[in-house]
Amino acid sequence: MPTGNGPAADLILTQAEVWTGDSGQPGAEAVAVLGDRIVAVGSAAEVDLWRGRHTQVLAAQGGLLLPGFNDAHVHFIDGGLQLDNADLKDSATAAEFVRRVAAHVKEVTPGDWILGGGWDEKRWDRPVLPTKEIIDPVTPDLPVLLHRCDLHMALANSVALRLAGVMAATPDPVGGTIVRDSRGEPTGILKDAAIGCIARIIPPLTAKRRLRALNRALEHAASLGVTSVQHMNPTSEDTNLYMELAEKGGLTTRIYAAQLETEWAQRGAVGIRHGFGSSLLRLGALKGFSDGSLGSATAYFFEPYPDAPDTRGLLTDEMQPRSAIFER
C-alpha cells in the first residue's frame with residue numbers, strides 16, 4: 001500500500017458491490033488496479049490510498065463487480081465466424097432449422113458457402129437427424145456445411161457433396177462415417193473425420209476475414225465479461241494472428257492456445273522460443289482427439305449404443321492403427 005511516495009494505481013473502481021470469491025472477505029466496495037494486476041480490494045477509504053495524480057477513477061454507482069469469467073474450452077476464431085454464420089443452436093424443429101438456413105441464404109454473396117450450425121436434433125419436437133433433402137430446396141446453388149453443436153457431426157447439402165466428390169461409392173475415411181440411406185446414398189450427415197471430405201474444399205479464410213472473426217470474438221467475449229479463454233486446436237494462422245495483435249496491443253482477452261498434437265512441429269514455424277508469451281498470450285498444452293462425442297454416437301465404447309446397436313463409436317484417425325497407439 002503506498003504511503004504517498006509509493007506507486008499509484010492506474011485505475012480505481014469504487015462505489016461497487018464487489019464479489020471477491022473469498023469467504024473471509026466476501027464483499028468490498030472498491031478495487032485498485034496497477035498495470036495488469038489487482039493491487040487492492042477493500043473499502044473506498046482503503047483503496048483511495050492508491051490514488052495518484054494520473055489514476056483514473058470510475059464510479060460503479062452501486063453496480064455488481066465480478067472477477068472476469070474464464071472459458072476453459074473454446075474455438076475462438078471459429079466462434080467469431082459463427083457470429084456471422086447461420087445460427088441454428090436453438091432451433092426447436094426441423095422446419096425452424098430450414099427456415100433459418102433459408103434466411104441466411106439471403107445474407108451471403110452468390111458463390112459463397114453457407115456455414116455455421118450449432119444445431120442439436122435432440123432438442124427438436126421430432127429428434128431425428130436432418131438430411132440433405134430438407135435443405136436442398138432452399139440452397140439449390142450454394143454449397144452448405146452446418147456443424148452439429150458438438151462439432152463431431154455436420155450436415156452437407158447436395159451441392160457440397162457433389163463438389164467434394166462424395167457419392168455412394170465413396171468409402172468411409174479412417175476415423176469417420178458417411179451416413180447413408182437404404183440405397184447406400186449419402187444422406188448429407190458426416191461424422192468426425194468424414195467432415196474433412198467437405199471441409200478440405202472450403203476456400204481458406206483470407207487474412208482480412210480471419211481478423212474480422214477475431215475482432216468479433218473479442219467484442220463478444222468482452223460483452224459477456226469473459227476475460228480469458230483456452231483456445232483448443234488453433235491453426236498456425238490463428239496463432240500468428242494472436243501474436244500480431246498482442247504486439248500491437250489489440251488483444252482484449254487473455255488467450256491460452258493449445259495446438260493439435262499432430263501439428264507440434266509447426267510451433268517452431270510461428271517463432272516459439274524459451275520465455276515466449278505474456279499475460280495476454282501463452283502457448284502451452286497440445287491437444288489430441290481419441291474419439292468422438294455422445295451426441296453424435298461417435299464416442300468410443302466397449303459395448304454398442306442402446307439406440308444405435310450397429311456402432312460402438314469411432315476412434316479418430318489419430319488413434320489408428322490401434323497397434324500404434326502404444327508406440328507413441
**Q** Counting only heavy atoms from other residues, nucleotides and ligands, does the tally under 6.0 Å from CZ of Phe69 exceed 12?
**A**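 It does not: Phe69 CZ has 12 such atoms or fewer within range.
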**Q** With side chains defined as the heavy atoms from C-beta onward, is the minimum distance between Lys287 and His73 less than 4.5 Å?
**A**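 Yes, their side chains come closer than 4.5 Å.
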**Q** To the nearest 0.5 Å, what is the distance between CD1 on Ile255 and NE2 on His231?
**A**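 Taking CD1 in Ile255 and NE2 in His231, the distance rounds to 8.0 Å.
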**Q** Give the intermediate values and the outcome of side chain to side chain contact (heavy atoms under 4.5 Å, CB included) for residues Arg123 and Asp90.
**A** CA-CA 8 Å; Arg123 298 182 60 176; Asp90 57 354; 4.1 Å; yes
**Q** Compute whether any side-chain donor of one residue and acceptor of the other, for Thr93 and Asp125, lie under 3.5 angstrom apart.
**A**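 No, no side-chain donor-acceptor pair sits under 3.5 Å.
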**Q** Rounded to the nearest 0.5 Å, how far apart are CG of Leu13 and CG of Leu11?
**A**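 Leu13 CG to Leu11 CG: 4.5 Å, rounded to 0.5 Å.
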**Q** Treat each ILVMFWY residue as a node, draw an edge where side-chain heavy atoms are under 4.5 Å apart, and state whether Leu161 and Trp113 are in one component.
**A**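 Linked, Leu161 and Trp113 end up in one cluster.
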**Q** Less than 4.5 Å apart, side chain to side chain, heavy atoms only: is that true for Phe97 and Ile134?
**A**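 SC-SC contact between Phe97 and Ile134 confirmed.
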**Q** Please check if any side-chain donor atom of Thr177 sits under 3.5 Å from a side-chain acceptor atom of Asp172, or the reverse.
**A**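 Thr177 vs Asp172: no donor-acceptor pair found between side chains.
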**Q** Run the numbers on Val31 and Val47 for side chain to side chain contact (heavy atoms under 4.5 Å, CB included), then give the verdict.
**A** CA-CA 6 Å; Val31 172; Val47 172; 5.8 Å; no
**Q** Just wondering, do Arg212 and Asn215 contact through their side chains at under 4.5 Å, heavy atoms?
**A**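 When only atoms from C-beta onward are counted, Arg212 and Asn215 do not touch, as no gap falls below 4.5 Å.
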**Q** Check the surroundings of atom CD1 in Ile38: do more than 12 heavy atoms from other residues, nucleotides or ligands lie under 6.0 Å from it?
**A**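 Atom CD1 in Ile38 is not packed in, count stays at 12 or less.
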**Q** Which atom pair, heavy atoms only, marks the closest approach of Ala9 to Thr55?
**A**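 The pair with the smallest heavy-atom distance is O-OG1, 2.6 Å.
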**Q** Using side-chain heavy atoms (C-beta onward) and a distance below 4.5 Å, is Ile114 in contact with Val105?
**A**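 Touching, per the 4.5 Å side-chain cut-off.
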**Q** Is the backbone N or O of Glu185 less than 3.5 Å from a side-chain atom of Arg180, with the two atoms forming a donor-acceptor pair by type?
**A**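 No, because the side chain of Arg180 does not come within donor-acceptor range (under 3.5 Å) of the backbone of Glu185.
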**Q** Mind checking whether Phe76 and Tyr242 have parallel, tilted or perpendicular rings, split at 30° and 60°?
**A**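 Taking Tyr242 first and then Phe76, their aromatic rings sit tilted (interplane angle of 30° to 60°).
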**Q** Decide yes or no on side chain to side chain donor-acceptor pair (under 3.5 Å) for Asp150 and Ser296, but give the supporting numbers first.
**A** CA-CA 8 Å; Asp150 56 11; Ser296 294; 2.8 Å; yes
**Q** Got a second to check how far Asp112's CG is from Ile202's CD1, nearest 0.5 Å?
**A**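 Rounded to the nearest 0.5 Å, the CG-CD1 separation comes to 11.5 Å.
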**Q** State, to 0.1 Å, how close Val159 and Pro140 come at their nearest heavy-atom pair, and which atoms those are.
**A**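 The answer is CG2-O, 3.5 Å.
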**Q** Can you find a heavy atom in the side chain of Leu190 that is under 4.5 Å from one in the side chain of Val179?
**A**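 No, too far: nothing below the 4.5 Å cut-off.
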**Q** CG/Leu314 to CD/Gln320 distance, rounded to the nearest 0.5 angstrom?
**A**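 Reported to 0.5 Å precision, the distance equals 8.0 Å.
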**Q** Can you spot which of Thr316, Thr298, Asp192, Asp291 makes a side chain to side chain donor-acceptor pair (under 3.5 Å) with His152?
**A**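 With His152 as partner, side chain to side chain donor-acceptor pair (under 3.5 Å) holds for just one option, Asp192.
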**Q** Charged N to carboxylate O under 4.0 angstrom, Arg148 versus Glu121?
**A**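 Counted as a salt bridge, because a side-chain N and a carboxylate O are separated by less than 4.0 Å.
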**Q** Check whether any side-chain heavy atom of Pro234 lies under 4.5 Å from a side-chain heavy atom of Gln259, and answer yes or no.
**A**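 Result yes, sub-4.5 Å side-chain heavy-atom pair found.
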**Q** Between OG1 of Thr131 and CG of Leu155, what distance do you get to the nearest 0.5 Å?
**A**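 Thr131 atom OG1 to Leu155 atom CG measures 7.0 Å (nearest 0.5 Å).
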**Q** Less than 4.5 Å apart, side chain to side chain, heavy atoms only: is that true for Arg51 and Ile12?
**A**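 Result yes, sub-4.5 Å side-chain heavy-atom pair found.
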**Q** Checking side chain to side chain contact (heavy atoms under 4.5 Å, CB included) for the pair Leu88/Leu146: CA distance, chi angles, key distance, verdict?
**A** CA-CA 9 Å; Leu88 308 169; Leu146 302 169; 3.8 Å; yes
**Q** Let's go through Arg210 and Thr235 carefully: what are the C-alpha distance in whole Å and the side-chain angles of both, what is the deciding distance for side chain to side chain contact (heavy atoms under 4.5 Å, CB included) to 0.1 Å, and is it a yes or a no?
**A** CA-CA 11 Å; Arg210 192 180 301 275; Thr235 65; 3.6 Å; yes
**Q** For residues His75 and Met232, report the shortest heavy-atom separation together with the two atoms involved.
**A**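 So the minimum-distance heavy-atom pair works out to ND1-O, 3.2 Å.
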**Q** Leu245 versus Leu214: any side-chain heavy-atom pair under 4.5 Å?
**A**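 Result yes, sub-4.5 Å side-chain heavy-atom pair found.
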**Q** Out of Arg100, Met153, Lys89, which one pairs with Trp119 under the side-chain contact (heavy atoms from CB on, under 4.5 Å) rule?
**A**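 Going through the options one by one, the only one that passes is Met153.
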**Q** Just do the salt bridge (Lys or Arg N to Asp or Glu O under 4.0 Å) check on Asp120 and Lys122 with the steps written out, would you?
**A** CA-CA 5 Å; Asp120 182 358; Lys122 290 182 170 52; 5.6 Å; no
**Q** Looking at every non-hydrogen atom in both residues, tell me the closest pair between Gly42 and Ala28 and how far apart they are.
**A**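 So the two residues come closest at O-CB, 3.6 Å.
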**Q** Nearest 0.5 Å, what's the CD-CG distance between Glu244 and Leu251?
**A**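 Glu244 CD to Leu251 CG: 10.5 Å, rounded to 0.5 Å.
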**Q** Between Asp84 and Arg209, does any NZ, NE, NH1 or NH2 come within less than 4.0 Å of an OD or OE carboxylate oxygen?
**A**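 Yes, this pair counts.
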**Q** Would you name the heavy atoms of Ala30 and Ala44 that are closest together and state the gap between them?
**A**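 That would be CB-CA, 4.0 Å.
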**Q** Minimum heavy-atom separation for Ala154 to Leu145, with atom names?
**A**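 So the minimum-distance heavy-atom pair works out to CB-CD1, 3.7 Å.
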